[in-house]
Asker: 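Could you have a look at this structure, given as structure tokens, before my questions?
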Protein chains: 2
Amino acid sequence: MQNKEMAQRVRLFIETCRRHQLKITPQRVGIYRILIQSKRHPTADLVYRAVKKEFPNISFDTVNRALSTFAEIGVVEVVETFGGPKRFDPDIKDHHHLHCMACGRIIDFEYEGYARLEVPKAIASTFKVISRRVVLKGLCDTCSAKQQMF
Amino acid sequence: MQNKEMAQRVRLFIETCRRHQLKITPQRVGIYRILIQSKRHPTADLVYRAVKKEFPNISFDTVNRALSTFAEIGVVEVVETFGGPKRFDPDIKDHHHLHCMACGRIIDFEYEGYARLEVPKAIASTFKVISRRVVLKGLCDTCSAKQQMF
DNA sequence: TGACAAATAGGAACTAATCTTATTTAAGAG
DNA sequence: CTCTTAAATAAGATTAGTTCCTATTTGTCA
Ligand SMILES: [Mn+2]
Ligand SMILES: [Mn+2]
Ligand SMILES: [Zn+2]
Ligand SMILES: [Zn+2]
């Protein structure tokens, strides 16, 4: 990510925190900066270990609570998983996910074909849809290559 | 569910167990019967509590291990969640899910409009897709009614 | 600069999932 | 039907993930 884009996202993040009367602490900013540089939908523990390099005394709880708070105010998202620890996504734009069932990677993709994933009328009338996503399960390139070998 | 359909599904389940050289134990059959009667994508603990009525000595571990085994041989599915305990789905036919963010309900729906949720070419060439699902997040009727009150 | 509510660090507590081991049992052979 | 054996079970211990508790620190605003 460009330095410039990064700064811009952090600025927006700080703005959103203020709107929600959240204090701008160095820990929160550090955590957010780590997260927006991540590409793998990391767990709280992974974020913790990364941010610990910059803040050696930070506690796991601070990281985990910050991530939950960020999800509440909508600057990050908790991603769908099939068990295991929660995973976080700094990309809150509409996009879709591939889940590799062998290595657990979650790969982003966008596709105009799904652009207006319409909600069936029968459902739209009883369920208030807030977000929509296509979740594909399967095997990533590396993992399906490994399987071929046997 | 009709008694007849139930019996048919259990028969199929037993057949699949045999194909995988799994022993047909009363516990496994009991667990499977409970699960196919469930409509709420239950957790292992919920299945445990229900099956305990029929098998008072059954252990949680037996239930949990059985459910994992069932998922491995493909007679049930682990459902996508946003944290919390694993939840299981006895319906392995293609279908989609609504997740209520307030009460946690997961509601099934089918929609021909998604029937051929095509996989973008760029992805199909690097990722081997095994299953596809639309996941909608939002509020169910009861929960959005509750919100209106404030 | 001072007051105060909010946030943090550190550890305890809790919940979910998995592992260990002694005992029981399903299933196939005879 | 009986015997043998590997697989499955029950019960409890252990581990992993998350949340809670409390004393201390810190960001914010007057
Ligand atoms: Mn993503
Ligand atoms: Mn379902
Ligand atoms: Zn993979
Ligand atoms: Zn609801």
Asker: Just checking A:E5: does its CD atom have more than 12 heavy atoms from other residues, nucleotides or ligands closer to it than 6.0 angstrom?
Answerer: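 Enclosed: over 12 neighbouring heavy atoms sit under 6.0 Å from CD of A:E5.
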
Asker: Under 4.0 Å from any heavy atom of chain B: name the first and the last nucleotide of DNA chain C that qualifies, 5' to 3'.
Answerer: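 Using the under 4.0 Å cut-off, the span is C:dA16 to C:dA27.
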
Asker: A:Y111 and A:H96: ring-ring contact (aromatic ring centres under 6.0 Å, His included), yes or no, with the steps?
Answerer: CA-CA 8 Å; A:Y111 184 50; A:H96 307 289; 8.1 Å; no

Asker: Between D:dA6 atom P and B:H20 atom NE2, what is the distance in whole Å?
Answerer: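 Taking atom P of D:dA6 as the reference, NE2 of B:H20 is at 22 Å.
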
Asker: Expressed in angstrom and rounded to an integer, what is the separation of B:D61 atom CG from D:dG12 atom C1'?
Answerer: 10 Å

Asker: Which sits closer to the 5' end of DNA chain C, B:P26 or A:T62, going by the nucleotide each is nearest to?
Answerer: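 Result of the comparison: A:T62.
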
Asker: Enter the inter-axis angle for the ends of the helix from C:dT1-D:dA30 to C:dG30-D:dC1 (five pairs per end, rounded to 10°).
Answerer: 40°

Asker: Between B:F13 and B:I58, is there shared hydrophobic-cluster membership here, with clusters defined by ILVMFWY side-chain heavy atoms closer than 4.5 Å?
Answerer: yes

Asker: Do A:H97 and A:D89 come within less than 4.5 Å of each other through their side chains, counting heavy atoms only?
Answerer: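 A:H97 vs A:D89: side chains touch.
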
Asker: How is A:N64 classified with respect to the nucleic acid when contacts are heavy atoms under 4.0 Å: base, sugar-phosphate, or nothing?
Answerer: base

Asker: Give a yes-or-no answer on whether the side chains of B:E80 and B:H99 include a donor-acceptor pair shorter than 3.5 Å.
Answerer: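 Their side chains do contain a donor-acceptor pair, which is all the 3.5 Å distance test asks for.
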
Asker: Between P on D:dT25 and CD1 on A:I58, what's the gap in Å once rounded to a whole number?
Answerer: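 My rounded result for the distance is 17 Å.
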
Asker: When the distance from CZ of A:F60 to C1' of D:dA16 is rounded to whole Å, what number comes out?
Answerer: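 Taking CZ of A:F60 and C1' of D:dA16, I get 10 Å after rounding.
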
Asker: Give a yes/no verdict on a cation-pi contact between B:K52 and B:F60, requiring under 6.0 Å between NZ or CZ and the six-membered ring centre and an angle within 45° of the axis.
Answerer: no

Asker: Does the A:H95 side chain pair with the main chain of A:K93, one donor and one acceptor, at a distance under 3.5 Å?
Answerer: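 Yes: the side chain of A:H95 pairs with the backbone of A:K93.
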
Asker: Rounding to a whole Å, what distance do you find between B:L22:CG and D:dT9:P?
Answerer: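 After rounding, the gap between these two atoms is 10 Å.
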
Asker: For A:K128, look at atom NZ and say whether over 12 heavy atoms of other residues, nucleotides or ligands are found less than 6.0 Å away.
Answerer: no

Asker: Nearest-Å distance, CZ (A:R65) to C1' (D:dT18)?
Answerer: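 After rounding, the gap between these two atoms is 12 Å.
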
Asker: Of A:G84 and A:F55, whose closest DNA chain C nucleotide lies nearer the 5' terminus?
Answerer: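 Comparing both residues, the 5'-ward one is A:F55.
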
Asker: Atom CZ of A:R28 and atom P of D:dT25: how far apart are they, to the nearest Å?
Answerer: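 Taking CZ of A:R28 and P of D:dT25, I get 19 Å after rounding.
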
Asker: Does A:K86 have a side-chain nitrogen or oxygen under 4.0 Å from the phosphate oxygens OP1 or OP2 of D:dT19?
Answerer: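 Yes, A:K86 has a side-chain N/O under 4.0 Å of OP1/OP2 on D:dT19.
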
Asker: Measure the distance from CD1 on A:I24 to C1' on D:dT26 and round it to the nearest whole Å.
Answerer: 13 Å

